[in-house]
S.K.: 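Questions regarding the structure given below will be posed in turn.
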2 protein chains.
Amino acid sequence: MGEAGGPATIKAFEERLFEVSTSLPKRLRQCADYVAANKDRIAVSTVAEMAEGAGVQPSAFMRFCQIMGFSGFSEMQRLFRETFVGGWPDYSTRLQHLREKAEGSPSALLAEFVEAGRASLENLLKTVDAHHLEDAVAALSKANMIHIIGLRRSFPVASYMSYAFEKMDVPAMLHSAVGRLDSRNAIRDGDVVLAITFSPYSVETIELVEAVSARGIPVVALTDTIVSPLRKFDAITLSVSEVDFGAFRSLSATLCLAITLSVAVGTARSG
Amino acid sequence: MGEAGGPATIKAFEERLFEVSTSLPKRLRQCADYVAANKDRIAVSTVAEMAEGAGVQPSAFMRFCQIMGFSGFSEMQRLFRETFVGGWPDYSTRLQHLREKAEGSPSALLAEFVEAGRASLENLLKTVDAHHLEDAVAALSKANMIHIIGLRRSFPVASYMSYAFEKMDVPAMLHSAVGRLDSRNAIRDGDVVLAITFSPYSVETIELVEAVSARGIPVVALTDTIVSPLRKFDAITLSVSEVDFGAFRSLSATLCLAITLSVAVGTARSG
DNA sequence: CAAAAAATGGAATTTATAGTCCATTATGGT
DNA sequence: ACCATAATGGACTATAAATTCCATTTTTTG
C-alpha cells in the first residue's frame, strides 16, 4: 500500500485507462477493452464476473487493477460504488424522463430514436420469415460471387455487408455506381445478386434486378414492405419494416438482418 | 404468496414493501423506511452498511430481507444488481455459446443479433453524455461545411450521415478515399470534421484528424470506447459501446446516435 | 536457435461478508 | 405485577469472494 492510491475520480480513471491502453499485452488489453465498454458493471460485479466477461482469468483481472494503480479489485470497485450515489434510474424511467423533461433537446431526440429502434427490432423478429431467410442464406452460399447493390438510403447497408463479406473471405462486389460506371456485365452465370432498396426505390437498383432476372441470375432482395417493386421479379425477398420517427429511420432492424445474413452466409461457406 | 422466492421485479418489491410496512415493529420499520428512501444503494452496499444506515443491527436487517420474501440479503441484492445492468447475463459468453449452438439456424442467429441490438440501444441511452451531445450539435451547426470521414467498418455510418445531411440541406462532404484521392485540402477554416472510427481504428482517419486538429479545425468524434486513439486530440468525443460478435457489430446503437446527431443538427440549422 | 524475460492460468490462501443462533430485553395481555 | 410472547443485539459459523503464489507457456532478445 505504499502506492499513493489509484485514480480518485472516474475522469482520472478514464485518463489512466487510455494512458495505459497503448502498451498492454493481450489478456490485459482484453480487460481494458471490456472495462471501457462496461464501466457501469464494475460497481455491481465480482472479479470472477468481470474476468469472465473479459474472457480472462480472475488473476489476470487482478493484475489489470494493479496496473490501473489500485491495490486490487476492491479498491477499484470502491471508486465506482462511491461515485454511483443516487443516479442511474432504470431504462424505462430514464426514457420517460428524457422524453418529457428534455423536450426539444438532442437527448430527447435520442430517446425517441432509441425507442423507435427497439420497436423495429422487436418487430423484425415477428415478421421475418424463417424459410425465406434460410433460402436466402442457401442461395448466397452457393454463389460464385455475390453482387451487392444498394443506393442512397440503402447504401450504408450495402457497404456494411460488403465489408462483412470481405472479412469472412466471401467473394463479393459492391456496385456503387461511382462515376456512373455501369458494371452489370461483371455479373456472370453462377453469381447471385443481393439487392437492397427501400422506399423511395432507386430506379438503378430496380433496373439492374430486372436485367439480371431476365438472364436467370438468382436475386435475393432486402426491402421494406410487401408492395416493394422488387416483388415483381422472381426474387427471394426478405422484408423489414422500420418504425420511423419523423421522416427518418434509424436502420437498426435492417442492419440487424443484414449482419445476420452476412454471418450466416459466412459460416455456411466455411463450414 | 408461496415462499418460492421474493419479488421478481422492482415494482413487485415496492408493492411488497408497502404491504408489509403497516405492521412492523420498531427496528424493522427503520429498515423499511431506510430501504424505501435508498433503494439504489442496495445494489452496491453490504448488509453491514445498510444496517448502519438504517440504525439497526445487521441481524435485524437480515430478518427484514426475509420478511420481504427473500431467502436473505444476497437474494434481495441480486434483484437490484440485475435490474441495474439491464438483466442481461454476460453477453460475451452468451455469444460465444451462440457460435456452436446457433450454427445451421439463421433464425436463432437473428434472435441473438436482435437481442444484442436491443441491449446496445438501452446501454446507449444510459451512457451517452448529454453535454457532449449538445456540444457536438452546437459545433456541427455552426460549421460552414461538415467533412465526414469514416472508413471500413465505419463507412456505413459515414455514408448514412452524409445521406441524411444532404436530405436536410446541410452542406456536408463525405471523404471516401476513393482512388486514394486525398481531399484534405478541401477542409477550410470555419469547417468542422466529423470523424467516425471504431476498433480496429483506420490510420487514415486518425491521420486526418491529427492534421486538421493541428490547424485548429474543430473535430467531433464518434468512436467506441474511451480507449480510442481519437482521445488524444482535442475533439468532442461521443462514445458508443456496441456488443459485438467476433469481428462484427450490428451497429444499431451507433446508427441511432448518428441519426440523432444528424437530425439535431438539421433542425438546429433551419431553426 | 537458445536463453532470458514476460505473461498467463490455475490452485491455494486469506479476508470479508452473509447468514444463524441464542441469551437478553422489551411488550402486551390477564 | 406476572407470565407469555415477540423483538432485539451481539457473538459465532459458514460461505463466497478477493488476493497471492508459483508452475507453465509464450514472447522477446542476444
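Residue numbers start from 1 in every chain, and the chains themselves are labelled A, B, ... in the order their sequence lines are given, proteins ahead of strands.
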S.K.: For Glu166(A), give me all partners under salt bridge (charged side-chain N to carboxylate O under 4.0 Å, His left out), at least two apart in sequence or on another chain.
M.R.: none
S.K.: Given atom CG of Leu28(A) and atom P of dT26(D), what is their separation to the nearest angstrom?
M.R.: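 After rounding, the reported distance stands at 16 Å.
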S.K.: What is the distance, to the nearest angstrom, from the CG atom on Leu24(A) to the P atom on dT26(D)?
M.R.: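 Nearest whole value for this atom pair: 20 Å.
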S.K.: Please enumerate all protein N or O atoms sitting under 3.5 Å from an N or O of nucleotides 14-18 of chain C, with distances to 0.1 Å.
M.R.:
from: dA18(C); atom 1: OP1; to: Val47(B); atom 2: N; distance (Å): 3.1
from: dA18(C); atom 1: OP2; to: Val47(B); atom 2: N; distance (Å): 2.9
from: dA18(C); atom 1: O3'; to: Ser74(B); atom 2: OG; distance (Å): 2.8

S.K.: Between Glu75(A) (CD) and dA17(D) (P), how many Å, whole number?
M.R.: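 Between P of dA17(D) and CD of Glu75(A): 21 Å.
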S.K.: Expressed in angstrom and rounded to an integer, what is the separation of Arg27(A) atom CZ from dG10(C) atom P?
M.R.: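 The distance from CZ of Arg27(A) to P of dG10(C) comes to 10 Å, rounded to the nearest Å.
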S.K.: Please enumerate all residues that pass side chain to side chain contact (heavy atoms under 4.5 Å, CB included) together with Pro171(A), with sequence neighbours excluded.
M.R.: Met145(A), Arg269(A)
S.K.: On the nucleotide dG10(D), are OP1 or OP2 found under 4.0 Å from the side-chain N or O atoms that Gln57(B) carries?
M.R.: yes
S.K.: Could you check how far CE of Met76(B) sits from C1' of dG19(C), rounded to whole Å?
M.R.: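 About 14 Å, once rounded to whole Å.
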S.K.: Side-chain donor-acceptor contacts of residues 207-216 of chain B below 3.5 Å, not counting sequence neighbours, with atom names and distances?
M.R.:
from: Arg215(B); atom 1: NH1; to: Ile187(B); atom 2: O; distance (Å): 3.4
from: Arg215(B); atom 1: NH2; to: Ile187(B); atom 2: O; distance (Å): 2.6

S.K.: Residues two or more places apart in sequence or in another chain: which of them pass ring pair (Phe, Tyr, Trp, His ring centres under 6.0 Å) with Tyr34(B)?
M.R.: none
S.K.: Under the criterion side chain to side chain contact (heavy atoms under 4.5 Å, CB included), I'd like the reasoning laid out for Leu79(B) against Phe13(B): C-alpha separation, chi angles, the key distance, then a yes or no.
M.R.: CA-CA 9 Å; Leu79(B) 169 65; Phe13(B) 178 88; 4.2 Å; yes
S.K.: Do Glu204(B) and Arg152(B) meet the salt-bridge criterion of a basic N to acidic O distance under 4.0 Å?
M.R.: yes
S.K.: Sequence neighbours excluded, which residues qualify as side chain to side chain contact (heavy atoms under 4.5 Å, CB included) partners of Ser241(B)?
M.R.: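 Ser241(B): side chain to side chain contact (heavy atoms under 4.5 Å, CB included) contacts with Ala37(A), Asn123(B).
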S.K.: Through what angle, rounded to 10 degrees, does the axis of the helix from dC1(C)-dG30(D) to dT30(C)-dA1(D) turn between its ends, using five pairs per end?
M.R.: 30°
S.K.: Who are the salt bridge (charged side-chain N to carboxylate O under 4.0 Å, His left out) partners of Arg16(A), not counting sequence neighbours?
M.R.: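 Testing Arg16(A) for salt bridge (charged side-chain N to carboxylate O under 4.0 Å, His left out), a comparison that skips the adjacent residues, returns Glu19(A).
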S.K.: Please identify each residue that fulfils ring pair (Phe, Tyr, Trp, His ring centres under 6.0 Å) with Phe198(B), with sequence neighbours left out.
M.R.: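 Ring pair (Phe, Tyr, Trp, His ring centres under 6.0 Å) check on Phe198(B) returns nothing, list empty.
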S.K.: Who passes ring pair (Phe, Tyr, Trp, His ring centres under 6.0 Å) against Phe165(A), sequence neighbours left out?
M.R.: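 Counting only residues at least two positions away or on another chain, Phe165(A) forms no ring pair (Phe, Tyr, Trp, His ring centres under 6.0 Å).
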S.K.: Quick test: give all pairs of protein nitrogen or oxygen and nucleotides 21-28 of chain C nitrogen or oxygen below 3.5 Å, distance rounded to 0.1 Å.
M.R.:
none

S.K.: What's the CZ-P distance between Phe61(B) and dT8(D), to the nearest Å?
M.R.: 14 Å
S.K.: Rounded off to whole Å, could you give me the CD-to-P distance for the Gln66(A) and dT8(C) pair?
M.R.: 14 Å
S.K.: With sequence neighbours excluded, tell me which residues meet side chain to side chain contact (heavy atoms under 4.5 Å, CB included) with Lys11(A).
M.R.: Thr9(A), Glu15(A)
